[in-house]
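Report on the following structure.
Scope of the values below: all heavy atoms of this structure, side chains included, with no hydrogens, waters or symmetry mates.
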Amino acid sequence: MKRGLPQDPMLAQLVQMARQHQISRRAALAGVGGTAAALSLASCAAAEETVVAATDLSDSEKVLVWHNWSAYMDEDDDGNYPTLLRFQEQSGITVDYRVEIDDNDTWYAKVKDQLELGQDIGADVACPTTWMAARLRGLGYLQPLDNANMPNKVANLAPGYQGNPDDPDRVYSIPWQGGFAGIGYNKQAYKEATGKDAPATMSDLWAAELMGRVGLLSEMRDTVGLVLLSQGIDITSADSLTEDAFNLALDEIKAQIDSGQVYNVRGNSYLDDLTTGNIIAATAWSGDITLINFESGTDENPDPFGFVFPESGVTLWADEFVVPMGATHKRNVEALIEYYYDPVNAAELALWVNYITPVVGAKEIAAEEDPELAENQLIFPNADTLAKSHSFRSLTGPEEQRFSAAWQNLLLGS
């Protein structure tokens, strides 16, 4: 299936260029961010008309299209996805797996027009982050899934993901993987530049020795969240994370961008800058560092990159399966979710991607395969590790508009 372009001529041009890999994250923001306030308002306002779910064609069409992030699927030496291949063999459902999400905002900008109209976005299932999934659910853009078709999900969803007040039965957004945002760095280059083995605080990213060699994630809740934590703000609390506190964190980030300390602000593609040496350190997602070590490591230096928790803590997030109203293969998606909520499949996936699995029983199975990796706190965190992590609090509709517009306007100036 080929996704149509947005109706807005400017967005249509940007999406067309992005498909041809002709624009960067910053260039996309320059085009879209000029209307940041309008986009934020649109993202929080309910659709004028009720959108009706598309007819499910799963009985006659054994296919589905999946939008996901990079480095989020187990992969063999030939570039195949073993667990996904096995699902296709067992189910008879052909999966078109597409790495389409670089960050939540740019993905949403590409599909929001179709979502608003209840049209096919070119995907039956996608895995945006919790806050974006909540936005889509609030706008009425998502189909509910049938728990009767997903007994593994019902039995094995970790307790920490249950009881969502907006989706108590977890039928609109079902966790795929979770993780932490902290600091990733090139071990050798960092030591050569600073004389230190590893960064320990967010302020270490602002060291003069790293001028122009620092990257920041374009996900607001991660980069701003890490800076807020470093400033002593409890990002889980509305009393602490106020609009004034948020703006002070933006001021610090802006100062570092304006000074030239920051090389760029990117989504998942920040990994390119780490591996090519454009940057030495960055705000980073935990599982990504395992991936680039796998791809870049040698026998002499198997782990050239490191990931650390800043002393002030890390942000905690999850990405979730959602099925848009225009999707036509919902039951096929339910079969996919059911498959990945089998602890055997979840364990195999987790041991490769190194993100937090939401599936109960996966750790025990992983321990049989790789006892050492099963104790990795980035995959199976214990209570002590989780105590160092913090989830960016839910924002009200007006806050979402103001915070998002302020963040995008900051990026426009970078």
Straight-line distance of Gln88 CD to Tyr339 OH, nearest 0.5 Å: 9.5 Å
Answer whether the closest heavy-atom distance between the side chains of Leu316 and His390 falls below 4.5 Å. no
Are more than 12 heavy atoms, taken from residues, nucleotides or ligands other than Glu369, located less than 6.0 Å from that residue's CD atom? no
Inter-residue atom distance Phe321.CZ - Glu334.CD, 0.5 Å rounding: 12.0 Å
Test item: side-chain donor near acceptor, Asn345 and Arg86, under 3.5 Å: yes
For Thr290, does its backbone N or O pair with a side-chain atom of Asn354 as donor and acceptor, under 3.5 Å? no
Considering all heavy atoms of both residues, which atom of Leu250 and which atom of Ala406 are nearest to each other, and what is their separation? CD1-CB, 3.7 Å
Is Lys196 salt-bridged to Asp204, cutoff N-O under 4.0 Å? yes
More than 12 foreign heavy atoms under 6.0 Å from CZ of Phe403: is that the case here? yes
Indicate whether the side chain of Asn80 and that of Glu75 have a donor and an acceptor atom separated by less than 3.5 Å. no
List in chain and number order the residues that pass side-chain hydrogen bond (donor to acceptor under 3.5 Å, both in side chains) with Asn152, two or more places apart in sequence or in another chain; answer none if no residue qualifies. Glu338
Rounded to the nearest 0.5 Å, what separates atom CD in Glu252 from atom OG in Ser230? 5.0 Å
Give a yes-or-no answer on whether the side chains of Asn268 and Asp288 include a donor-acceptor pair shorter than 3.5 Å. yes
Sequence neighbours excluded - ring pair (Phe, Tyr, Trp, His ring centres under 6.0 Å) pairs with any residue from residues 199-237: none
Between Lys330 and Asp124, does at least one N-O distance fall below 4.0 Å, as a salt bridge requires? no
Does any non-hydrogen side-chain atom of Pro304 lie less than 4.5 Å from one of Lys187? no
Considering only heavy atoms from C-beta outward, does the side chain of Ile253 approach that of Trp407 to under 4.5 Å? yes
Would you mind reporting whether Leu145 and Met150 have side-chain heavy atoms less than 4.5 Å apart? yes
Answer yes if the side chains of Glu192 and Gln188 hold a donor-acceptor pair under 3.5 Å, and no otherwise. yes
Looking at OH of Tyr270 and OG1 of Thr275, how far apart are the two atoms once the value is rounded to the nearest 0.5 Å? 10.5 Å
Does the side chain of Ile280 reach to within under 4.5 Å of the side chain of Val214, using non-hydrogen atoms? no
Measuring only between side-chain heavy atoms, which start at C-beta, is Leu378 closer than 4.5 Å to Trp285? no
Should the pair Arg221 and Trp317 be classed as cation-pi, given the thresholds of under 6.0 Å to the six-membered ring centre and 45° from the axis? no
So do Arg170 and Lys153 actually touch side chain to side chain, heavy atoms under 4.5 Å? yes
Compare all side-chain heavy atoms of Leu115 with those of Met325 and state whether any distance is below 4.5 angstrom. no
Near Lys62 NZ, under 6.0 Å, is it more than 12 heavy atoms from other residues, nucleotides or ligands? yes
Tell me, please, whether Tyr108 has Arg135 positioned over its six-membered ring: NZ or CZ under 6.0 Å from the ring centre and within 45 degrees of its axis? yes
With a 6.0 Å cut-off (strictly less than), is the heavy-atom count around CD of Gln162, excluding the residue itself, greater than 12? yes
Test item: side-chain donor near acceptor, Thr236 and Asp234, under 3.5 Å: yes
Distance (rounded to the nearest 0.5 Å) between Asp103 CG and Met220 CE: 11.5 Å
For Ser237 and Arg393, does a side-chain donor sit closer than 3.5 Å to a side-chain acceptor? no
